[in-house]
Amino acid sequence: MNITPLTRKFFEQPTLKVAEDLLGKLFVFNNFKGIIIETEAYIGIDDPACHAARGRTPRTEIMFGNAGHSYVYLIYGMYHCLNFVTEAVGFPAGVLIRSIQIIEPESILLDGPGKLCKHLGITRQHTGLDIINLPNFFVADIERKFEISTTPRIGIKQGVDKLWRFVAHDRVNFSK
DNA sequence: ACCCCGATCGTA
DNA sequence: ACGATCGGGGTT
């Protein structure tokens, strides 16, 4: 497999493009490898579902920073959610990683952001990491064919009108 | 200091 | 349909 890690430029692109293009990419975290299956875009202070909609706060500071960094937060007091920061410095946006088909060390579909972080052991300790430069935490370009569907984002009450959720559908099987 | 509630998930 | 569980952020 030809592993080419994604560059900072990739994450600096418009968030909708990054969210869609992250589908089918190879995700690497410590000893885990998998294919990104489902993402959502959260874009700027005008997106009411985005954490940055209420402005710059200690928690969302990372979203205002350099693209290609991780943003991990605690939700419902018990689950963590993993995002990658996108776009230019000063513009708060990111992509939520909702589902990954793990292929190593075993084949498991982690469908849901909370389940995903729990299984991989991702917590708030992993926020603010620069995934462009880390050997054990990055996303890489691989070749794969699939179709994409677009839907409203899950679990939000505002911004439901936007079709900012992206799901990959493999003709064969992502677990292979 | 206090209160509300959330980018979820498993159980019923 | 609902409860678990707690930090963030707004309000007093």
Side-chain angles (χ1 to χ4, degrees), chain A residues 6 10-25 27 29 32 34-88 90-102 106-131 137 139 148-169 174-175:
Chain A
L6 299 181
F10 174 88
F11 291 96
E12 287 173 341
Q13 297 176 99
T15 307
L16 289 178
K17 175 166 173 53
V18 176
E20 180 167 347
D21 287 356
L22 277 175
L23 296 179
K25 293 289 190 288
F27 172 92
F29 181 75
F32 295 101
I35 309 296
I36 298 176
I37 297 298
E38 179 188 358
T39 62
E40 283 178 1
Y42 289 86
I43 313 176
I45 59 174
D46 294 328
D47 172 9
C50 182
H51 286 170
R54 283 179 294 282
R56 194 184 286 249
T57 69
R59 181 178 63 156
T60 60
E61 182 70 28
I62 187 68
M63 292 189 82
F64 288 80
N66 207 355
H69 285 69
S70 58
Y71 167 49
V72 183
Y73 63 89
L74 179 68
I75 187 69
Y76 297 112
M78 35 169 77
Y79 297 104
H80 293 269
C81 291
L82 169 67
N83 301 253
F84 295 134
V85 175
T86 58
E87 310 220 21
F91 187 95
V95 174
L96 171 67
I97 309 301
R98 289 192 58 89
S99 301
I100 295 178
Q101 172 63 57
I102 298 296
E106 51 185 338
S107 179
I108 305 174
L109 177 60
L110 301 177
D111 53 342
K115 292 162 70 174
L116 190 157
C117 285
K118 185 177 181 187
H119 190 270
L120 299 180
I122 293 175
T123 69
R124 279 174 297 174
Q125 295 182 117
H126 300 96
T127 204
L129 299 178
D130 186 357
I131 66 158
F137 191 12
V139 182
I148 297 172
S149 56
T150 306
T151 81
R153 292 168 292 179
I154 304 294
I156 57 170
K157 292 183 170 148
Q158 295 178 46
V160 183
D161 54 312
K162 306 287 197 305
L163 301 179
W164 289 358
R165 172 174 175 255
F166 301 89
V167 185
H169 304 275
F174 276 110
S175 63

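Every chain is numbered from 1 and lettered A, B, ... according to where its sequence line falls, protein lines coming before strand lines.
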Undergrad: Any stacking of A/Tyr79 on B/dT8, going by centres under 5.5 angstrom and planes within less than 30 degrees?
TA: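 Not stacked by the 5.5 Å and 30° rule.
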Undergrad: Does B/dA7 have A/Tyr42 stacked on its base, where the ring centres are within less than 5.5 Å and the planes differ by under 30°?
TA: yes
Undergrad: Any non-hydrogen side-chain atom of A/Phe84 less than 4.5 Å from a side-chain atom of A/Ile97?
TA: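 Contact flag for A/Phe84/A/Ile97 side chains = yes.
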Undergrad: Using whole Å, what does the distance between atom P of nucleotide C/dG8 and atom CD1 of A/Ile62 come to?
TA: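 Distance check: A/Ile62 CD1 to C/dG8 P gives 15 Å.
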Undergrad: Select one nucleotide: of C/dG10, B/dT8, C/dG7, the one nearest the side-chain heavy atoms of A/Tyr76.
TA: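 Comparing C/dG10, B/dT8, C/dG7 against the side chain of A/Tyr76, the answer is B/dT8.
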Undergrad: Has A/His51 got a side-chain N or O lying under 4.0 Å from the OP1 or OP2 atom of C/dG8?
TA: no
Undergrad: Can you confirm whether or not the ring centre of A/His126 sits under 6.0 Å from the ring centre of A/Phe29?
TA: yes
Undergrad: Considering only heavy atoms from C-beta outward, does the side chain of A/Phe10 approach that of A/Asp21 to under 4.5 Å?
TA: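 Yes - at least one pair of side-chain heavy atoms lies under 4.5 Å apart.
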Undergrad: So, is A/Thr57 near the phosphate of C/dG8, with a side-chain N or O under 4.0 Å from OP1 or OP2?
TA: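 Result: no.
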Undergrad: Sticking with atom P, work out how far B/dC2 lies from C/dT5, rounded to a whole angstrom.
TA: 22 Å
Undergrad: For A/Arg98 and B/dC9, what is the distance between atoms CZ and P respectively, to the nearest whole Å?
TA: 6 Å
Undergrad: OP1 or OP2 of C/dG10 less than 4.0 angstrom from a side-chain nitrogen or oxygen of A/Arg59, does that happen here?
TA: no
Undergrad: Whole angstrom is fine here: how far is it from CD1 in A/Ile75 over to P in C/dA4?
TA: 17 Å
Undergrad: Quick test of your reading of the model: are A/Asp111 and A/Lys115 salt-bridged, counting only N-O distances below 4.0 Å?
TA: yes
Undergrad: Would you mind telling me which of C/dA4, C/dG9, B/dG6 lies closest to the side-chain atoms of A/Met78?
TA: C/dA4
Undergrad: So what does A/Arg153 hit on the nucleic acid, given a heavy-atom distance under 4.0 Å: a base, only sugar-phosphate, or nothing?
TA: nothing
Undergrad: What integer distance in Å separates A/Glu61:CD from C/dG7:P?
TA: 21 Å
Undergrad: Among B/dT8, B/dA7, B/dG10, which is the nearest nucleotide to the side chain of A/Ile156?
TA: B/dA7
Undergrad: For A/Gly114, answer base if it contacts any base atom (sugar-phosphate contacts may also be present), sugar-phosphate if it contacts only those atoms, and nothing otherwise; contact means non-hydrogen atoms under 4.0 Å.
TA: sugar-phosphate
Undergrad: Distance only, no hydrogens: is a donor on one side chain within 3.5 Å (strictly under) of an acceptor on the other, for A/Gln101 and A/Ser175?
TA: no
Undergrad: Grab the CD1-P distance between A/Ile97 and B/dT8 for me, whole Å please.
TA: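 It is 14 Å, rounded to the nearest whole Å.
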Undergrad: Who does B/dC4 pair with, Watson-Crick or G-U, both distances under 3.5 Å?
TA: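 The answer is C/dG8, by the H-bond criterion.
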Undergrad: Grab the CG-C1' distance between A/Asn83 and B/dG6 for me, whole Å please.
TA: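 A/Asn83 atom CG is separated from B/dG6 atom C1' by 14 Å.
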Undergrad: Calculate the interatomic distance between A/Arg54 atom CZ and B/dC4 atom C1'; express it in whole Å.
TA: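 After rounding, the reported distance stands at 11 Å.
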Undergrad: OP1 or OP2 of B/dA7 versus the side-chain N and O atoms of A/Arg165: is any pair under 4.0 Å?
TA: no
Undergrad: Looking at the side chain of A/Tyr71, which of B/dT8, C/dG7, B/dA7 is the nearest nucleotide?
TA: B/dA7
Undergrad: State whether the number of non-hydrogen atoms from other residues, nucleotides or ligands found under 6.0 Å of A/Ile45 atom CD1 is greater than 12.
TA: no
Undergrad: Would you say a side-chain N or O of A/Lys118 is under 4.0 Å from OP1 or OP2 of B/dC9?
TA: no
Undergrad: Quick one: which of B/dG10, C/dG7, B/dA7 gets closest to the side chain of A/Arg124?
TA: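 Of all the options, the side chain of A/Arg124 is nearest to C/dG7.
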